[in-house]
Amino acid sequence: MEERYDPAALEAAAQKRWRDARAFEVTEDPSRRKFYCLSMFPYPSGKLHMGHVRNYTIGDVLTRYHRMRGCNVLQPMGLDAFGLPAENAAIQNNVPPAKWTRENIAYMKQQLQSLGFAIDWTREIATCDPDYYQWNQWLFLQMLKRGIAYKKTQVVNWDPVDQTVLANEQVIDGRGWRTGAPVEKKEIPGYYLAITRYADELLADLDRLDGWPERVRTMQANWIGKSTGVRFAFPYELDGKKELLWVFTTRADTIMGVTFCAVAAEHPLATHAAKNNPKLAAFIDECKRGSVMEADIATMEKQGMPTGIFVTHPLSGEKIPVWVGNYVLMGYGEGAVMAVPAHDERDFYFAKKYNLPIKQVIDWPGRRQSPPIPPLQKGGGAAGGFSDAWHEWYADKDGVCVNSGRYDGMSYRTAVDVIAADLKKKGLGDKQVQWRLRDWGISRQRYWGCPIPIVHCERCGDVPVPDHQLPVVLPEDCVPDGSGNPLNKRKDFIKCACPKCGKAARRETDTMDTFVDSSWYYARYACPDNDRAMVDKRVDYWLPVDQYIGGIEHAILHLLYSRFWSKVMRDLGLVRYGEPFSNLLTQGMVLNHIYSRRTGKGGIEYFAPEEVEPRHDDDGKITGAVSKADGRPVDYQGMGTMSKSKRNGVDPQALIEKYGADTARFFIMFASPPEQTLEWSDAGVEGAHRFLKRLWTFANASKTSIDLVLKNEQKYANFFKAAGGAHPAVLREFHLILKQINFDISRHQFNTVASGTMKMLNALEGAAGLGSVEASLFIRKEGLKFLLLTLSPICPHITDHLWRELGYGDDILKAPWPEPDEEALKQDEIELVLQVNGRMRGSVRVAADADRAAIEAAALAHEAARRHTAGLTVKKVVLVPGRLVNIVAG
RNA sequence: GCCCGGGUGGCGGAACAGGUAGACGCAAGGGACUUAAAAUCCCUUGGGGGAAACCCCGUGCCGGUUCGACUCCGGCCCCGGGCACCA
């Protein structure tokens, strides 16, 4: 055995052994319980970062743990290879995205392999391979046939200088990231997937996902956003024609408080009104500027302008003015809203800003008296002397209607029912269920993605590419230059024959959202070699995924799209499951500082933390930085998730090279529990490495002892039984730690699993010099065995090596996971915490089976208890069995 | 702005179903070994008072429930994630 711990050599040897033995290649075996353990595949950004190490180590720990539990475990890996960063790299370095991506894949795969993950690499997939994405295209066409995929217009961020569509990420404060030009909204056609058809099922099935974190289920439920309300119309006349302005509201009980309506800038009513109103037309143009992001829209200044058009209130017959509001979106609901400024915060501020009337129609009897509504003045009633007291009641539904004619006195529920019925009678509305969820727009005006298999023919229209012509292969030699999709310049790609009429036609150049790629890759891992079908019956064995692990940032979109896609595949008869992931572990993100600077053009550039010198305030908080390269100031953006685009990733390579994979794995598991956000710092890596060195040294020194014990285990077990003294307590400690480790692994708290293994080593070192030599040797053999077994999922290389070297067996991969021995955990006497009035004052030792009277007597007799109860009357004694006794005195 | 999380020593974190706050580490200080350094090992380490026994304070802030609150409830502040074209 080597004297010195040399992770590089040892890890390479272990990995070679696993590779030669094909240790992690698995096949379907109906006789064994299967366990499909999957980590979200990485985007091949160039190098792994700590978030990847964290994600894949968690997955690997679970994989190895379940193997030891006897499961047939599949852990595959692949690459989410299409996406925007490849195009950005192309712009910067003039290299084709395909080349850049494939080079990154090769490097990252080698990095992943050096970490020793128990991955079945024979199943590797990359979403940029036609073998994979042809099935995106095929399924898209299946959806198109069934109307699940369809075409409509979409609103995108438009950079008027580069003449290109911008991703939300490329819009910085309403401006294009490269040009600095103010972004405009633009309507273009695109394909959508009707995820809303599945809204009910996607919501209902959340209840069945009890292996998912509650917070993810809550987020998804809120995102789907089922709300029951009333859809109704305000009649109006336009050029002598009768028209209806439709709106949706969840607060129909406030309908009598409507004092104006607001429509989106793109609403037909607004368009019509602008025809003879240049000021309004200019305002509508203004509204069309800015980004399409919800966060931008929600936080921007609410603005509006009257259209001059009035509609009729469907119940009161009042004339209601219609405004154009920049906060009303054409894509949501009807593109128009009723406004009740007295009972809606946004409407209230809008009304105040434009001096629109406010009419209270809900009151809260028994609550604070409502403020009086001042009489309307010319130009509006909201100004001056007006109280905002009902702010605190905005969301409440427990008031009753007032100032509402025949609805006065009605509760929320009654009022909504009666008002809906009245509207229905007039043919102007009804109750309706509305969803926040919108259909999924998948068209991207980008090059590096899966081509949408459609041909545009002047005669036949949009024609689907027939199955036998699939895949539509993306040419891989294009280099985007920032001015739009380079496919548009590729005549050889665009020019094609119409599949229907055979005449010359134009191929669609939009590609698919990369979320399409990641919506079903987990199924393809079961049958990556099938070139005739998207999936086959092997999927029935492996799916659904038993444990899915990935960043919390995917809590909504990726996971929801995958759930939707599964249900579509199920309805097409392709798979049997409706939910793809039985258990989900959402890893917290690994954060690092973000530094950026505005470029001359008004764009933005990011600096890696090692490229700047941070500046601190008196509290030690970072306020800014200067670039080490040019000495000029750099802005501090705070902490954020490690990403390629923000340049704040930390490459684990240096860590692996200096300390080895086991140290890197141990450290990242030890640093914090997996679901928690982790602000990156490598302080503490030394400690993890020191632990493994200590383990190495201790095992080295124990070899002859363990040889001895293993040759005659029974003899040493007898010695142990006979020895007594401190020995049972030491063995008990190991079983206690083991019990805790088992519990912690079951709840995925790997940091305390790691610290448990450290405690075991501490206990082993502490027990080295105990009385009976034979009994000590027995404990050492037992303890070290537990230590190696429980450490092996986290640090598979060193444990693999030591297991063999110490003679425990020929392969730790085949060893079963250890269970604590309840017999060893028993004890005759226990220690109870002694409290007086809830404050700890000492402890009492009592027999393990002592009854309440005996414990109370022991507690009251305790010196500290007597001291703290002196002069007081004991009122009661609270006893928590096995834990504490609390004397309540006063 | 809306939805979802989080906040505990100098730092990462522990405390399992309301029951000993600070496990296990890092860093720091002191010591041993060494010609010296590295490595390794031992000791100390939340704050305050005290010679000590021991006592007081302490889990973002304010208030509440309880014999007892990091844990439960109400309100606030700060940080992170998501908001549909980053993945």
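Only this structure's heavy atoms are used, side chains among them; waters, hydrogens and symmetry mates stay out. Chain letters run A, B, ... following the sequence lines, proteins first, then strands; residues in each count from 1.
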Q: May I ask you to decide whether Arg178(A) forms a salt bridge with Asp162(A), counting only side-chain N to carboxylate O separations under 4.0 Å?
A: yes
Q: Decide, yes or no, whether a salt bridge links Arg866(A) with Glu863(A) under the criterion of side-chain N to carboxylate O below 4.0 Å.
A: no
Q. Under the rule syn = chi within 90° of 0, otherwise anti, which is G63(B)?
A. anti
Which is true for [X] with a 4.0 Å heavy-atom rule: it touches a base, it touches only sugar-phosphate, or it touches nothing?
X         : result
His868(A) : sugar-phosphate
His558(A) : nothing
Thr641(A) : sugar-phosphate
Pro673(A) : sugar-phosphate

So if I take every side-chain heavy atom of [X] and compare against [options], which nucleotide ends up nearest?
X         : options                : value
Ala298(A) : C16(B), A14(B), G1(B)  : G1(B)
Thr514(A) : A87(B), G1(B), C79(B)  : A87(B)
Gln740(A) : C79(B), A84(B), C16(B) : C16(B)
Arg444(A) : C86(B), C85(B), A87(B) : C85(B)

Q. Can you find an N or O donor on one side and an acceptor on the other, under 3.5 Å apart, linking the side chain of Gln445(A) with the base of C85(B)?
A. yes
Q) Does the C16(B) base have a donor-acceptor partner in the side chain of Arg747(A) within less than 3.5 Å? A) no
Q) Picking from Thr509(A), Asp510(A), Asn485(A), what satisfies side-chain hydrogen bond (donor to acceptor under 3.5 Å, both in side chains) with Gln445(A)? A) Asp510(A)
Q: Please list, chain by chain and in numerical order, all residues satisfying ring pair (Phe, Tyr, Trp, His ring centres under 6.0 Å) with Trp440(A), sequence neighbours excluded.
A: Tyr561(A)
Q) Counting only Watson-Crick or G-U wobble pairs whose two distances fall under 3.5 Å, which nucleotide matches A28(B)? A) U44(B)
Q.
Heavy atoms within less than 4.0 Å of RNA chain B: which residues of residues 752-762 of chain A have one? Give them sorted by number.
A. Thr752(A), Ser755(A), Met758(A), Lys759(A), Asn762(A)
Q | Under 4.0 angstrom between Asn168(A) side-chain N/O and C83(B) OP1 or OP2 | A | no
**Q.** Between C1' of G19(B) and CG of Leu834(A), the distance in whole Å
**A.** 13 Å
Which atom pairs link the protein and nucleotides 3-7 of chain B when you take only N or O atoms and keep those under 3.5 Å?
from, atom 1, to, atom 2, distance (Å)
C3(B), O3', Asn222(A), ND2, 2.8
C3(B), O2', Asn222(A), ND2, 2.8
G5(B), O2', Arg215(A), NH1, 3.4

Q) Name the one of Arg54(A), Glu679(A), His52(A) that satisfies side chain to side chain contact (heavy atoms under 4.5 Å, CB included) with Val590(A)? A) Arg54(A)
Q | Which residues share a side chain to side chain donor-acceptor pair (under 3.5 Å) with Asn751(A), sequence neighbours left out | A | none
Between protein and nucleic acid, restricted to nucleotides 67-71 of chain B and to nitrogen or oxygen atoms under 3.5 Å apart, what atom pairs and distances do you find?
from, atom 1, to, atom 2, distance (Å)
C67(B), O2, Asn886(A), ND2, 2.2

Below 3.5 Å between N/O atoms, which protein atoms pair up with nucleotides 37-44 of chain B? Just atom names and distances, please.
none

